[in-house]
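In what follows, residues are counted from 1 in the order of the sequence shown. Source: prediction; values computed, not measured.
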Amino acid sequence: MPGTSTAVESLPLLDRRQAAVLAAAENGRFVDVVRSLSTEDWTKQTDCPAWDVRALVAHVLGMMEFTISIRQLVHQQRAGNRAAGDRPLVDGMTEVQVAERAHLSTSELVERLTAAAPRAARARRRLPVPLRRIPIKVEVEGVVETWRLGYLYDVIHTRDTWMHRIDITRATGRPLVLTPDHDGRIVSDAVAEWARRHGRPFRLHLHGPAGGTFSGGGGDDGQETTLDAVEFCRILSGRGSGTGLLAQQVPF
């Protein structure tokens, strides 16, 4: 395979500055895609079974407003907990986000999203250190994990928006803008977490503008995989299926 392999052990974790740059850029790209939608696009089904494009945009808007407003944060957590019942909290929160924005017209969704996107990126960047250290319980593949709020704000919110931008372009046929410096960094961070989670040797060749060649745990005796970078992340997110090490999911 052409190209130099990057050892995942050498990939640094996203620092606060990098995370802020990625968040601002991704929020902007998401807005650009939404602003390009035609009237017919809003009702098209996405890879999220319960959501069409309109519901997906309402969710992303709700999550942005969650990060901007402490009042919204508290409200969505409380209402989401009631809606979730025996399910994970995130399921209840996303239902609340979509339901509470169902009355908005598509033009109102675009207007609020356009206003919220830069504010949400700034709010995430300015999250005080004591709050960044707050532990939160999250269920991943049926296992309860403890995350720091800073990880949710720095990593997961950007991954979530990025993946939903992909969902929209797949549903509508709109162009998917991918660049090595932005999308490639999101993908490499996901690769590194995937490697930490399965802890086994591998060689990974991801093609496309966001791709790269990676290895971990020595790599020589591990599983070798070659596929598109976006499809790799779709599989890790649960939108596709994979065997071997690709069965290890990563939060998006």
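- Of the possible donor and acceptor atoms, one in the side chain of R87 sits under 3.5 Å from a partner among the backbone N and O of A84.
- By the side-chain hydrogen bond (donor to acceptor under 3.5 Å, both in side chains) test, R234 is found to be paired with D47, E231, residues two or more places apart in sequence or in another chain being considered.
- Checked by atom type, the side-chain pair D183/W162 shows a donor-acceptor distance below 3.5 Å.
- Surrounding CZ of R196 are more than 12 heavy atoms belonging to other residues, nucleotides or ligands, all under 6.0 Å away.
- For the side chain to side chain contact (heavy atoms under 4.5 Å, CB included) test, residues two or more places apart in sequence or in another chain that qualify with A20 are R125.
- Note: W194 and F232 meet the aromatic proximity criterion, with ring centroids under 6.0 Å apart.
- The only option from E100, E95, R101 that meets the side chain to side chain contact (heavy atoms under 4.5 Å, CB included) definition with Q97 turns out to be R101.
- Under a cut-off of 6.0 angstrom, the local environment of CD in E111 is sparse, with at most 12 non-hydrogen atoms contributed by other residues, nucleotides or ligands.
- Under the side chain to side chain contact (heavy atoms under 4.5 Å, CB included) rule, L152 has a single partner from V138, I136, I134, T67, which is I136.
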Exercise for review: Show your reasoning for whether side-chain contact (heavy atoms from CB on, under 4.5 Å) applies to L206 and V230.
Suggested key: CA-CA 9 Å; L206 300 179; V230 170; over 6 Å; no
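- Cluster annotation: V140 and M163 are assigned to the same hydrophobic cluster (Ile/Leu/Val/Met/Phe/Trp/Tyr, side-chain heavy-atom contacts under 4.5 Å, transitive).
- Residue pairs meeting the ring-ring contact (aromatic ring centres under 6.0 Å, His included) criterion with at least one member in residues 63-88: none, sequence neighbours excluded.
- Under a hydrophobic-cluster definition in which Ile, Leu, Val, Met, Phe, Trp and Tyr are linked whenever side-chain heavy atoms come within less than 4.5 Å, directly or via other members, L89 and V96 are assigned to different clusters.
- Interatomic distance, T158 OG1 to Q18 CD, rounded to the nearest 0.5 Å: 12.0 Å.
- Here the side chains of F202 and T225 are not in contact, with every heavy-atom distance at 4.5 Å or above.
- Contact annotation: the side chain of S215 never approaches that of V8 to less than 4.5 Å [non-hydrogen atoms, C-beta and beyond].
- What you find for A116 and L61 is that their closest heavy atoms are CB-CD1, 4.0 Å.
- Looking at heavy atoms from C-beta onward, R185 lies in side-chain contact with L14 at the 4.5 angstrom threshold.
- Hydrophobic clustering, with ILVMFWY side chains joined whenever heavy atoms are under 4.5 angstrom apart, keeps L13 apart from L127.
- Residues forming a side-chain hydrogen bond (donor to acceptor under 3.5 Å, both in side chains) with E108 (at least two apart in sequence, or on another chain): S105.
- Between atom CD1 of residue I186 and atom SG of residue C233 there is a gap of 9.0 Å, rounded to the nearest 0.5 Å.
- Of the inter-residue distances, the one linking I235 atom CD1 with L227 atom CG reads 5.5 Å to the nearest 0.5 angstrom.
- Remark: T161 OG1 to L22 CG distance equals 11.5 Å, nearest 0.5 Å.
- Side-chain contact between P175 and T169 is absent, with no heavy-atom pair separated by less than 4.5 Å.
- Residues that satisfy the ring pair (Phe, Tyr, Trp, His ring centres under 6.0 Å) test with H59, not counting sequence neighbours, are W51, H164.
- Counting heavy atoms from C-beta outward, S38 and R174 have side chains that approach closer than 4.5 Å.
- For R16 against V129, the heavy-atom pair with the smallest separation is NH1-CG2, 3.8 Å.
- Considering only heavy atoms from C-beta on, L236 stays 4.5 Å or farther from V191 through its side chain.
- In this structure, L11 is a member of the same hydrophobic cluster as Y151, with clusters built from ILVMFWY side-chain heavy atoms closer than 4.5 Å.
- For the atom pair CD1 (I68) and CG (L73), the distance works out to 11.5 Å, reported to the nearest 0.5 Å.
- With respect to the salt-bridge test (charged N to carboxylate O, under 4.0 angstrom), the residues E141 and R197 do not qualify.
- Considering only residues two or more places apart in sequence or on other chains, R124 meets the salt bridge (charged side-chain N to carboxylate O under 4.0 Å, His left out) condition with none of them.
- The closest side-chain heavy-atom distance from R170 to T46 is not below 4.5 Å.
- Taking the side chain as every heavy atom from C-beta outward, V60 and R165 never approach each other to under 4.5 Å.
- In the hydrophobic clustering of this structure, L149 groups with M63; members are Ile, Leu, Val, Met, Phe, Trp, Tyr whose side-chain heavy atoms approach within less than 4.5 Å, directly or through other members.
- Atom OG1 of T43 sits about 8.0 Å away from atom CG of D41, to the nearest 0.5 Å.
- Under 4.0 Å is where a charged nitrogen must lie from a carboxylate oxygen, and between K44 and E40 no such pair does.
- Of the N and O atoms on the side chains of W147 and E145, at least one donor lies less than 3.5 Å from an acceptor on the other residue.
- With sequence neighbours excluded, the residues forming a salt bridge (charged side-chain N to carboxylate O under 4.0 Å, His left out) with D154 are R132, listed by chain and number.
- Among L56, V110, L109, T106, the single residue meeting the side chain to side chain contact (heavy atoms under 4.5 Å, CB included) criterion with V34 is V110.
- Taking 4.0 Å as the cut-off between side-chain N and carboxylate O, E65 and R112 count as a salt-bridged pair.
- With sequence neighbours left out, the ring pair (Phe, Tyr, Trp, His ring centres under 6.0 Å) criterion links Y153 to H157.
- Checked by atom type, the side-chain pair S5/T213 shows no donor-acceptor distance below 3.5 Å.
- Remark: E9 engages A7 in a side chain to side chain contact (heavy atoms under 4.5 Å, CB included) (not counting sequence neighbours).
- Remark: S237 engages R239 in a side-chain hydrogen bond (donor to acceptor under 3.5 Å, both in side chains) (not counting sequence neighbours).
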**Study point:** Test log, rule side-chain contact (heavy atoms from CB on, under 4.5 Å), inputs L176 and I168
**Key:** CA-CA 9 Å; L176 176 60; I168 290 178; over 6 Å; no
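- The side-chain hydrogen bond (donor to acceptor under 3.5 Å, both in side chains) test applied to H182 returns E26, not counting sequence neighbours.
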Which side-chain N or O atoms in residues 242-252 pair as donor and acceptor under 3.5 Å with protein atoms at least two apart or in another chain?
none

